[in-house]
Q: 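Can you read through this structure? Questions will come right after.
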Amino acid sequence: MRFVLNIFILTAFPLSANAQAIGYVLDVFGSTNIPTFALTNSSDTANIESFSMTIGDTSRNFDTGTVTSAPGISFTLNSPDTNLSGGIRSDLVDFSFSFGFEPGATFSFTADVDIDSSNTTQDYRSVLFNNGAAPNSVITLGFGGGLNLSQEMPDASFLSSYSFSQSEVIPGPAIAPLVFGLVAAFVTVRRRYFRPQ
């Protein structure tokens, strides 16, 4: 009886509490006026639930956002709209994901960069990364469980492509409370069922 109770307690309260990593990789490449952004979920188990990117230099804007690849991912483009000819211009690219942006999945989109109120050809590298006195772009990702990662784009040399990544290890539940809980449960069961007669 005592052996069976010990097995039950260890099964009900497992001692392993693994930490999990959340993270992403964002690759930017292609046309300097309408670059392609490829976002990959590099987390251990968490889904990506949201992505946003500020323009940085607010004298510029994102004129359009167009998804180019989203295999199995359910998404909503919150801003800007998909009108390449001067629809709703925005200082923010904003997506939300309701299903399927799992670890290992990649989501790709393009975003046209323009001067405010004008349909122009702008080099995204001098708008997002090398703004002089203006701030650089900031990207923010939301993950399942209310976890977030955010980073400001660094000043970068003019390269043909850019890759940004960020990750953070989220500790699992503290092991000490589990051990103390096991001991307390064992003592309680032992006193209740194995009292001297």
Q: Return the minimal non-hydrogen interatomic distance between A38 and T106, and the atom names on each side.
A: CB-CG2, 4.3 Å

Q: So, for S79 and S90, which heavy atoms are closest and what is the spacing to 0.1 Å?
A: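 Closest heavy-atom pair between S79 and S90: OG-OG, 3.5 Å.
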
Q: To the nearest 0.5 Å, what is the distance between CG on L39 and CD1 on I48?
A: 4.5 Å

Q: Between F143 and E49, is there a side-chain heavy-atom distance shorter than 4.5 Å?
A: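 Answer no - side chains too far apart.
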
Q: Just so I know, are the side chains of V67 and L77 near enough to count as touching, which here means a heavy-atom distance under 4.5 Å?
A: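 No. Closest side-chain heavy atoms not under 4.5 Å.
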
Q: Using a 4.5 Å cut-off on heavy atoms from C-beta on, say whether the side chain of V25 contacts that of S163.
A: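 In short, these two side chains touch, coming nearer than 4.5 Å.
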
Q: Can you check whether I170 reaches L147 side chain to side chain, under 4.5 Å on heavy atoms?
A: yes

Q: Strictly distance-based, threshold 3.5 Å: is any side-chain N or O of R60 a donor or acceptor partner for the main-chain N or O of Q122?
A: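 Judged by distance alone, no pair lies under 3.5 Å.
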
Q: Check whether D27 reaches the backbone of F37 with its side chain - one donor and one acceptor, N or O, closer than 3.5 Å.
A: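 No; zero donor-acceptor contacts below 3.5 Å.
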
Q: Write down the atom of T40, the atom of G104, and the distance for their closest heavy-atom approach.
A: CG2-O, 4.3 Å

Q: For side chain to side chain donor-acceptor pair (under 3.5 Å), just list the numbers for S137 and T54, CA-CA rounded to whole Å, side-chain angles, deciding distance to a tenth of an Å, and then say yes or no.
A: CA-CA 5 Å; S137 288; T54 63; 4.6 Å; no

Q: To the nearest 0.5 Å, tell me how far T64 OG1 sits from D112 CG.
A: 7.0 Å

Q: Applying salt bridge (Lys or Arg N to Asp or Glu O under 4.0 Å), can you list everything that pairs with D123, at least two apart in sequence or on another chain?
A: R125

Q: With clusters defined by side-chain heavy atoms of hydrophobic residues (ILVMFWY) lying less than 4.5 Å apart, directly or transitively, does I115 cluster with V93?
A: no

Q: Return the orientation label for the F101 and F107 ring planes: parallel under 30°, perpendicular over 60°, tilted otherwise.
A: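 Ring orientation, 0 to 90° scale: tilted.
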
Q: Apply side-chain contact (heavy atoms from CB on, under 4.5 Å) to residues F62 and D91 and explain how you reach the verdict.
A: CA-CA 6 Å; F62 296 110; D91 289 338; 6.0 Å; no

Q: Taking the ring of Y162 and the ring of F129, is the distance between their centroids below 6.0 Å?
A: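 Ring-ring flag for F129/Y162: true, centres closer than 6.0 Å.
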
Q: Looking at F29, I'd like to know if its CZ atom is crowded, meaning that more than 12 non-hydrogen atoms belonging to other residues, nucleotides or ligands lie closer than 6.0 Å.
A: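 More than 12 heavy atoms, drawn from other residues, nucleotides or ligands, come within 6.0 Å of this atom.
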
Q: Any idea which heavy atoms bring I22 and A46 closest together, and the distance?
A: CG2-CB, 3.9 Å

Q: Compute whether any side-chain donor of one residue and acceptor of the other, for T36 and T110, lie under 3.5 angstrom apart.
A: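 No donor-acceptor contact under 3.5 Å links the two side chains.
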
Q: Just checking, any donor-acceptor pair under 3.5 angstrom between side chains of S50 and S96?
A: no

Q: Any non-hydrogen side-chain atom of I55 less than 4.5 Å from a side-chain atom of L92?
A: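 Answer no - side chains too far apart.
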
Q: State the CG-OG distance between L141 and S52, to the nearest 0.5 angstrom.
A: 7.5 Å

Q: Any side-chain heavy-atom pair from D57 and P135 closer than 4.5 angstrom?
A: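 In short, these two side chains do not touch, never coming nearer than 4.5 Å.
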
Q: What pairs of residues pass the salt bridge (charged side-chain N to carboxylate O under 4.0 Å, His left out) test when at least one of them lies in residues 143-172, not counting sequence neighbours?
A: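 Of all non-adjacent pairs touching residues 143-172, none passes salt bridge (charged side-chain N to carboxylate O under 4.0 Å, His left out).
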
Q: Using modelled atom types only, decide if a donor and an acceptor are shared between the side chain of D114 and the backbone of N119 within a distance under 3.5 Å.
A: no

Q: Please round to the nearest 0.5 Å and tell me the distance separating atom CG of L26 and atom CD of Q166.
A: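 Between atom CG of L26 and atom CD of Q166 there are 11.0 Å.
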
Q: Have N33 and S31 got a donor and an acceptor in their side chains that come within less than 3.5 Å?
A: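 Note: N33 and S31 side chains miss the donor-acceptor criterion.
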
Q: Less than 4.5 Å apart, any side-chain heavy atom of M53 and any of V138?
A: no

Q: Relative to the ring of F95, is the ring of F109 parallel (under 30°), tilted (30 to 60°) or perpendicular (over 60°)?
A: tilted

Q: Does a side chain donor of either T140 or S150 reach within less than 3.5 Å of an acceptor in the other side chain?
A: yes

Q: From S167 OG over to L149 CG, what is the distance, rounded to the nearest 0.5 angstrom?
A: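 Reported to 0.5 Å precision, the distance equals 7.5 Å.
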
Q: Distance-only, no hydrogens or angles: does the D44 side chain make a donor-acceptor pair with backbone N or O of A21 under 3.5 Å?
A: yes

Q: Roughly how far apart are N61 CG and R89 CZ, rounded to 0.5 Å?
A: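 The CZ atom of R89 is 5.0 Å from CG of N61, to the nearest 0.5 Å.
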
Q: Check whether any side-chain heavy atom of F99 sits under 4.5 Å from a side-chain heavy atom of I73, and report yes or no.
A: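 F99 does not reach I73 side chain to side chain.
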
Q: Determine yes or no for a side-chain-to-main-chain donor-acceptor pair under 3.5 angstrom, with S42 supplying the side chain and Y24 the backbone.
A: yes

Q: Please give me the minimum heavy-atom distance between S43 and P103, naming the atom from each residue.
A: O-CB, 3.2 Å

